[in-house]
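Quantities reported herein were computed from a predicted structural model and do not represent experimental measurements.
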Amino acid sequence: MSKMNVMIKEDEIKARLAEIGAEISKDYKGCEELVLICVLKGSVYITCELSRHIDVPVVLDFMSVSSYGNETESSGRVRILKDLDDSIDGKDVIIIEDIIDSGRTLSYLYEMLKSRNPKSLKICTLLDKPDRRIPESTITVDYTGFVIPDKFVVGYGLDDCQKLRNLPYIGVIE
């Protein structure tokens, strides 16, 4: 295996997710139901940890979308592998992503979900790589954990060919 360097420690991730949870709680104070859409598989760790820090009633739903397959670069073709179980019509919704790279997949997902008439639709990501954003990307990130450089990262849900998701930190494979 290649050398692994820690980019973001577990305690830093948990502290930042607690801060974002407090910010979301403040922004949605009085909200009857906040739908967190966990984008599988990478966002599971983030969604679970974040939801513990949100004080308004939370409902979790899951989607699986892919533009990577087993590659490290986006193919540009977005596929819905698993759609939501419930309607988001008239609901406050936050899409939870592990990382935003080119923005292509999330732009597609955002527009698709927006067409389903949610009351509000926001985006939360643990990691943002703005240097990789493509010009066509129309997304605005509402809640960001960390802005990172253009490095291939793993851990805390992020994988390398489905492996290393369970690392308790964000690491860079050298």
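Val147 is not connected to Val6 by any chain of hydrophobic side-chain contacts under 4.5 Å among Ile, Leu, Val, Met, Phe, Trp and Tyr, and they are in different clusters. Transitive grouping of hydrophobic side chains (ILVMFWY, heavy atoms separated by less than 4.5 Å) keeps Ile24 and Ile123 in distinct clusters. A single hydrophobic cluster is seen to contain both Leu84 and Val93, as judged by linkage of ILVMFWY side chains at heavy-atom distances under 4.5 Å, directly or through other members. Under the 4.5 Å side-chain contact rule for hydrophobic residues, Tyr143 and Val44 share a cluster. No chain of hydrophobic side-chain contacts below 4.5 Å, direct or via other Ile, Leu, Val, Met, Phe, Trp or Tyr residues, connects Val172 to Leu167.
To the nearest 0.5 Å, the span separating CG on Leu36 from CZ on Phe62 amounts to 9.5 Å. Annotation: the span from Asp98 atom CG to Tyr45 atom OH amounts to 11.5 Å, rounded to 0.5 Å. Summarising the geometry, atom CG belonging to Leu106 is positioned 12.5 Å from atom CZ belonging to Arg104; distances are rounded to the nearest 0.5 Å. Here Tyr108 contributes atom OH and Ile139 contributes atom CD1; the two are 15.5 Å apart, rounded to the nearest 0.5 Å. In this structure, SG in Cys38 is found 5.0 Å from CG in Leu40, a value given to the nearest 0.5 Å.
Taking the salt bridge (charged side-chain N to carboxylate O under 4.0 Å, His left out) definition, one finds that Asp142 meets it with nothing, sequence neighbours left out. Every side-chain contact (heavy atoms from CB on, under 4.5 Å) that Asp85 has, sequence neighbours left out, goes to Asp61, Lys82.
At distances below 3.5 Å, at least one donor-acceptor pair connects side-chain atoms of Thr125 with backbone N or O atoms of Leu127. Proximity of a side-chain donor or acceptor of Arg133 to a complementary backbone N or O of Asp101 within less than 3.5 Å is detected.
Within the structure, salt bridge (Lys or Arg N to Asp or Glu O under 4.0 Å) contacts touching residues 22-33 (residues at least two apart or in different chains) are Glu33-Lys91. The salt bridge (Lys or Arg N to Asp or Glu O under 4.0 Å) contacts involving residues 12-21 comprise Glu10-Lys14, Arg16-Glu19, where partners must be two or more places apart or lie in separate chains. Sequence neighbours left out, the pairs with a member in residues 161-174 that pass salt bridge (Lys or Arg N to Asp or Glu O under 4.0 Å) are Asp159-Arg165.
For the residue pair Ile46 and Glu97, the shortest heavy atom distance occurs at CD1-O, 4.2 Å.
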Evaluation steps, side chain to side chain contact (heavy atoms under 4.5 Å, CB included), between Tyr110 and Lys122: CA-CA 9 Å; Tyr110 183 87; Lys122 292 189 177 183; over 6 Å; no
Go through the steps for Ile100 and Lys129 under the test side chain to side chain contact (heavy atoms under 4.5 Å, CB included), then give the verdict. CA-CA 6 Å; Ile100 301 174; Lys129 280 192 204 177; over 6 Å; no
Residues Ile95, Cys124; criterion side chain to side chain contact (heavy atoms under 4.5 Å, CB included); working and verdict: CA-CA 6 Å; Ile95 303 167; Cys124 175; over 6 Å; no
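Applying the side-chain contact (heavy atoms from CB on, under 4.5 Å) test between Ile148 and each of Asp128, Leu126, Ile8 identifies Ile8 as the sole match.
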Could you go through residues 150-157 and list every donor-acceptor pair under 3.5 Å that involves a side-chain atom there, pairing it with any protein atom two or more places apart or in another chain?
none

List the atom pairs, with distances to 0.1 Å, where a side-chain N or O of residues 51-59 and a protein N or O form a donor-acceptor pair under 3.5 Å, not counting sequence neighbours.
| unit_1 | atom_1 | unit_2 | atom_2 | d |
| --- | --- | --- | --- | --- |
| Ser51 | OG | Thr47 | O | 3.2 |
| Ser51 | OG | Cys48 | O | 2.9 |
| Arg52 | NH1 | Glu49 | OE1 | 2.8 |
| His53 | NE2 | Glu49 | OE2 | 3.2 |

Under 3.5 Å, sequence neighbours excluded: what are the donor-acceptor pairs made by side chains of residues 111-121?
| unit_1 | atom_1 | unit_2 | atom_2 | d |
| --- | --- | --- | --- | --- |
| Ser115 | OG | Met112 | O | 2.6 |
| Arg116 | NH1 | Asp83 | OD1 | 2.9 |
| Arg116 | NH2 | Asp83 | OD1 | 3.2 |
| Arg116 | NH2 | Asp83 | OD2 | 2.8 |
| Ser120 | OG | Asp92 | OD1 | 2.6 |

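Residues Ile37 and Ile94 form no side-chain contact, since every pair of their non-hydrogen atoms from C-beta on lies 4.5 Å or further apart. Counting heavy atoms from C-beta on, the side chains of Arg79 and Ser64 never come closer than 4.5 Å. Taking the side chain as every heavy atom from C-beta outward, Val39 and Val65 approach each other to under 4.5 Å. Contact annotation: the side chain of Ile173 approaches that of Met4 to within less than 4.5 Å [non-hydrogen atoms, C-beta and beyond].
Around NZ of Lys41, the count of heavy atoms belonging to other residues, nucleotides or ligands within 6.0 Å does not exceed 12.
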